[in-house]
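Every value quoted in this text rests on a predicted model; they were computed, and no experiment measured them.
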Amino acid sequence: MTIRVVIVDDQAMVRAGFAALLSAQADIDVVGEAPDGRQGVRVSRSTHPDVVLMDVRMPEMDGLTAAREILDPPPGVVHLPKVLMLTTFDIDDYVYEALRAGASGFLLKDAPPADLIAAVRVVASGEALLAPSVTRRLIADFVQQRPAPRKDPALRLNGLTPRETEVLELIARGLSNQEIAAHLVLAEQTVKTHIGRVLGKLDLRDRAQAVIFAYEAGLVRPGDSA
């Protein structure tokens, strides 16, 4: 299956470079580009991409606002692509907020070309973009600085089975699917099934949101280890 990609970045050279790199892959098709968030939203809704590469800082409309509009569209818009945030900084407040809004992860703009290609494929497949420990560290750094969310997510944990709660906790502690399977003595496919049920019951888009949810629900605390 070909992965349809839209690139949103205010630097023309960056867009051109990313487009050339991705278009050279047999399984990736760049279907649109935009120089700012506002146009990025419009292009995404007209081209129906699988993945949107979204720069964080742009004029007219920043990437965070654009990501929110794409991932929380008005009635009648049914297509929801995955959003991959692009940033110059490895720790960026906008990145955390984008993950909470539903973005599937982030990538440094100066990452090696192979990392960009892999990131697009990983996000399109719905898997975790980053090594779980890296995602955990990023999110934990911000959770320590933030007040409790308006709605108490701990109450939503009641809908999970004990096994599903255990799997969610291990995700947030930074374990991969393979490591969770070994830890719980389960088949890796069984772990994937549990993760799918957790995301469905908690109305979460992907693994990144699951990690954030676990911290905000108090299931794990920053600094905890598996």
Side-chain angles (χ1 to χ4, degrees), residues 56 64 67-68 71-72 80 82-85 87 89-108 115 118-119 122-226:
V56 171
L64 173 58
R68 285 175 172 156
L71 297 169
D72 187 20
L80 288 178
K82 302 294 178 62
V83 175
L84 172 60
M85 305 302 297
T87 178
F89 309 100
D90 58 349
I91 299 296
D92 189 314
D93 189 54
Y94 283 101
V95 171
Y96 175 83
E97 293 297 341
L99 290 173
R100 290 190 65 185
S104 296
F106 77 97
L107 184 73
L108 294 178
D115 286 3
V122 167
V123 168
S125 72
E127 297 294 327
L129 170 63
L130 302 170
S133 60
V134 176
T135 304
R136 179 187 62 187
R137 187 186 72 245
L138 169 72
I139 295 169
D141 285 345
F142 282 109
V143 169
Q144 290 183 77
Q145 305 170 25
R146 294 174 183 276
R150 288 188 294 272
K151 295 181 180 179
D152 184 2
L155 297 177
R156 291 162 62 190
L157 287 173
N158 294 335
L160 302 182
T161 66
R163 177 63 85 190
E164 289 164 354
T165 302
E166 193 172 17
V167 169
L168 175 59
E169 178 181 349
L170 293 174
I171 290 173
R173 290 183 187 278
L175 274 67
S176 66
N177 289 1
Q178 185 176 12
E179 290 168 336
I180 293 173
H183 185 84
L184 298 178
V185 194
L186 297 171
E188 191 169 346
Q189 185 57 49
T190 302
V191 171
K192 292 180 180 180
T193 298
H194 284 310
I195 293 174
R197 289 173 179 165
V198 168
L199 297 180
K201 288 183 177 181
L202 298 178
D203 193 26
L204 303 173
R205 284 178 57 86
D206 54 28
R207 195 186 191 102
Q209 283 201 317
V211 176
I212 294 173
F213 179 93
Y215 276 107
E216 295 189 334
L219 187 62
V220 290
R221 304 288 182 183
D224 286 351
S225 59

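- A 4.5 Å side-chain heavy-atom check between V83 and V123 finds every atom pair outside the cut-off.
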Inset, instruction - Assess whether side-chain contact (heavy atoms from CB on, under 4.5 Å) is satisfied between L186 and H194, documenting all intermediate values. - result: CA-CA 11 Å; L186 297 171; H194 284 310; 4.2 Å; yes
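- With a 4.5 Å cut-off on side-chain heavy atoms, K201 and T161 count as touching.
- Here OG1 of T193 is found 11.0 Å from CD of E188. Values are rounded to the nearest 0.5 Å.
- The shortest heavy-atom contact between A119 and L107 is CB-CD2, 4.2 Å.
- Two residues are said to be in side-chain contact when any heavy atoms from C-beta on lie closer than 4.5 Å; S104 and L84 fail this criterion.
- Checked by atom type and distance alone, the side chain of E216 never pairs as donor or acceptor with a backbone atom of F213 at under 3.5 Å.
- Of all the heavy atoms in G102 and L71, the pair that sits closest is C-CD1, 3.2 Å.
- Of the inter-residue distances, the one linking T190 atom OG1 with N177 atom CG reads 11.5 Å to the nearest 0.5 angstrom.
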Inset, instruction - Go through the steps for V56 and L64 under the test side-chain contact (heavy atoms from CB on, under 4.5 Å), then give the verdict. - result: CA-CA 6 Å; V56 171; L64 173 58; 5.9 Å; no
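- Note that CD1 of I171 and CD1 of I180 are 5.0 Å apart. Values are rounded to the nearest 0.5 Å.
- Atom CD in E166 sits 6.0 Å away from atom NE2 in H183 (nearest 0.5 Å).
- Closest of all the heavy-atom pairs between M85 and A67 is SD-CB, 4.2 Å.
- Looking only at side-chain heavy atoms (C-beta outward), R163 and L184 come within less than 4.5 Å of each other.
- Annotation: the span from E164 atom CD to L199 atom CG amounts to 10.5 Å, rounded to 0.5 Å.
- Smallest separation of non-hydrogen atoms from A172 and A214: CB-CB, 3.4 Å.
- At least one side-chain heavy atom of L168 sits under 4.5 Å from a side-chain heavy atom of L202.
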